[in-house]
Amino acid sequence: MEPVPGTPFAMVHLDVPPVTSGLAVGSLVAGVISILVSFLVICVGSVGGGLNGVWAAGSFATLGGLTGAGALVAGLLGVRQIRRPAPAPAVRFTGRGLAITGISCGGIGLLLSLLGVGLALLLTLA
């Protein structure tokens, strides 16, 4: 404790430990779910029979695309939250690697979902 000059009082700075960003963790979870759903889109699109398989792949691709886009947005917001400087008594956020992994998984899931729908359409038209 250091006394404040001119007063009999002292000032204490509490050390606040860093906290893992919830946006980064959410981005990682949504990115992994997006990849898993995109594998389902590819399987349904390649095995599904005819037009019904395309509709099923398209509906799952919508789910995979939304979770992939959500992972991208949450990851970018998480990186921004982590990068922001905080004064000494404020909470500092960590988890930059989680956010970057969530961004990449979300992008891959989004692309694989689009690839699965394209494959389903190609197999139906062929």
Side-chain angles (χ1 to χ4, degrees):
M1 294 191 329
E2 301 174 16
V4 176
T7 66
F9 303 106
M11 180 182 286
V12 176
H13 290 284
L14 298 175
D15 186 30
V16 179
V19 177
T20 304
S21 172
L23 288 169
V25 174
S27 171
L28 179 63
V29 169
V32 169
I33 289 173
S34 175
I35 288 177
L36 293 175
V37 170
S38 68
F39 284 142
L40 183 65
V41 168
I42 292 172
C43 290
V44 168
S46 62
V47 176
L51 196 57
N52 290 333
V54 174
W55 279 104
S59 64
F60 282 117
T62 303
L63 178 64
L66 288 175
T67 55
L72 287 171
V73 170
L76 291 173
L77 289 175
V79 168
R80 182 178 172 198
Q81 180 185 41
I82 293 164
R83 189 177 48 199
R84 190 175 0 184
V91 175
R92 295 179 318 260
F93 290 101
T94 60
R96 184 173 184 268
L98 294 173
I100 291 173
T101 306
I103 291 169
S104 61
C105 286
I108 289 170
L110 189 62
L111 290 175
L112 285 176
S113 292
L114 293 176
L115 180 75
V117 170
L119 178 68
L121 286 173
L122 183 69
L123 290 175
T124 301
L125 295 176

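FYI, the numbering just counts along the sequence from 1.
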Q.
If you apply the rule side-chain contact (heavy atoms from CB on, under 4.5 Å), what do you find for Ser113 with Val117, and how did you get there?
A. CA-CA 6 Å; Ser113 292; Val117 170; 5.9 Å; no
(Q) Quick check on the hydrophobic clustering: are Val37 and Val29 connected, directly or via other members, by side-chain heavy-atom contacts under 4.5 Å? (A) yes
**Q.** Atom of Val41, atom of Ala61 and distance for their closest heavy-atom approach
**A.** CG2-N, 3.4 Å
Q | Shared hydrophobic cluster for Leu110 and Val73 (ILVMFWY, side-chain gaps under 4.5 Å) | A | no
Q. Roughly how far, to the nearest 0.5 Å, is the CG atom of Leu72 from the OG atom of Ser104?
A. 9.0 Å
Q. Can Leu36 be reached from Leu114 by stepping across I, L, V, M, F, W or Y side chains whose heavy atoms are under 4.5 Å apart?
A. no
Q: Spell out, as yes or no, whether a donor-acceptor pair under 3.5 Å connects the side chain of Ser34 to the backbone of Ala30.
A: no
Q. Between Ser27 and Ala71, is there a donor-acceptor pair closer than 3.5 Å when you use the side chain of the first and the backbone of the second?
A. yes
Q) How long is the span from the CZ atom in Phe93 to the CD1 atom in Ile82, to the nearest 0.5 Å? A) 9.0 Å
Q) Hydrophobic clusters join Ile, Leu, Val, Met, Phe, Trp and Tyr when side-chain heavy atoms are under 4.5 Å apart, directly or via other members; which others share one with Ile108? A) Ile35, Phe39, Ile42, Leu112, Leu115, Leu119, Leu123
Q: Supply the atom-to-atom distance Leu51 CG to Leu125 CG, rounded to the nearest 0.5 angstrom.
A: 9.5 Å
Q.
Rounded to the nearest 0.5 Å, what separates atom CG in Leu77 from atom CD1 in Ile103?
A. 9.0 Å
Q. How far apart are the closest heavy atoms of Pro18 and Thr94, and which atoms are they?
A. CB-CG2, 3.5 Å
Q.
As an exercise, state the distance from OG of Ser38 to CD1 of Ile33, rounded to the nearest 0.5 Å.
A. 12.0 Å
Q: Determine whether Leu76 and Leu98 fall in the same hydrophobic cluster, where Ile, Leu, Val, Met, Phe, Trp and Tyr are linked whenever their side-chain heavy atoms lie under 4.5 Å apart.
A: no
(Q) Show every side-chain hydrogen bond (donor to acceptor under 3.5 Å, both in side chains) that has at least one partner inside residues 69-83, sequence neighbours left out. (A) Ser21-Gln81
